[in-house]
*Asks:* 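Structure provided below as structure tokens; questions to follow.
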Amino acid sequence: MQCTGFGASIGHWRHQYGSTCTEFHDCVRTLDLLGFGASQKAPANYDVSIWVAQVYEFWQTFIRQPVVLVGNSIGSLICLAAAAASHLIWIRRIIVSD
């Protein structure tokens, strides 16, 4: 599951993984964090906690099995914050990049 960063969105990453969804491989799921990319620009106080909650809710809604979190830029911070939260049961690994 990937968390994009500042200045990037699903549109930038969607062709990087090719066709990863097969019966033998895991799928890469990428979401635009609230306020970035194609997501709504909701009137909210944007901070790490709102994005961690969004990532966890995305996982609860669409995945519901342990994942590898991949973060780029601020997405890396979100992944680390998610791991530091009490939801560790859903995270297998974290990969961060800049």
Side-chain angles (χ1 to χ4, degrees):
M1 181 173 156
Q2 182 183 24
C3 300
T4 61
F6 285 128
S9 67
I10 293 170
H12 293 97
W13 291 96
R14 70 174 182 237
H15 300 294
Q16 299 298 317
Y17 301 110
S19 179
T20 59
C21 295
T22 69
E23 63 183 281
F24 302 108
H25 297 93
D26 294 332
C27 293
V28 175
R29 304 284 188 214
T30 304
L31 71 150
D32 282 335
L33 298 172
L34 189 62
F36 294 96
S39 73
Q40 279 190 316
K41 308 309 185 254
N45 292 324
Y46 295 104
D47 65 14
V48 173
S49 64
I50 196 169
W51 291 316
V52 168
Q54 179 190 4
V55 168
Y56 183 67
E57 288 173 21
F58 182 88
W59 174 82
Q60 279 187 311
T61 303
F62 298 106
I63 301 172
R64 302 196 59 80
Q65 62 184 349
V67 295
V68 175
L69 287 179
V70 179
N72 173 255
S73 184
I74 196 166
S76 296
L77 175 63
I78 306 309
C79 291
L80 293 171
S86 61
H87 312 301
L88 288 177
I89 193 165
W90 62 282
I91 301 171
R92 285 191 315 192
R93 276 189 187 85
I94 300 170
I95 299 171
V96 296
S97 69
D98 185 25

*Asks:* Provide the closest heavy-atom pair for V70 versus C79 in the form atom of the first, atom of the second, distance.
*Replies:* C-SG, 3.8 Å
*Asks:* With sequence neighbours left out, what residues match V96 under side-chain contact (heavy atoms from CB on, under 4.5 Å)?
*Replies:*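 S76, L80, I94.
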*Asks:* Can you measure from CD1 (I78) to CG (D47) and round to the nearest 0.5 angstrom?
*Replies:*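 With rounding to 0.5 Å, CD1 (I78) is 8.5 Å from CG (D47).
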*Asks:* May I ask you to test the L69-I95 pair for a side-chain heavy-atom distance under 4.5 Å?
*Replies:* no
*Asks:* Give me the atom names and distance for the closest heavy-atom approach of R92 to V68.
*Replies:*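 Scanning both residues completely, I find the closest heavy atoms to be NH2-CG2, 3.6 Å.
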*Asks:* F62: which residues meet the side-chain contact (heavy atoms from CB on, under 4.5 Å) condition with it, sequence neighbours left out?
*Replies:* F58
*Asks:* List for me each residue that meets side-chain hydrogen bond (donor to acceptor under 3.5 Å, both in side chains) alongside N45, sequence neighbours excluded, and say none if there are none.
*Replies:*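 If we apply the side-chain hydrogen bond (donor to acceptor under 3.5 Å, both in side chains) test to N45, skipping adjacent residues, there are no hits.
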*Asks:* Parallel, tilted or perpendicular: which describes the rings of W90 and W59, with under 30° parallel and over 60° perpendicular?
*Replies:*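 The arrangement is tilted - the two ring planes meet at 30° to 60°.
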*Asks:* So which heavy atom on V48 is nearest to which on A81, and how close?
*Replies:*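 Nearest pair, atom of V48 first, then A81: CG1-CB, 3.5 Å.
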*Asks:* Which residues satisfy the side-chain contact (heavy atoms from CB on, under 4.5 Å) test with A53, sequence neighbours excluded?
*Replies:* E57
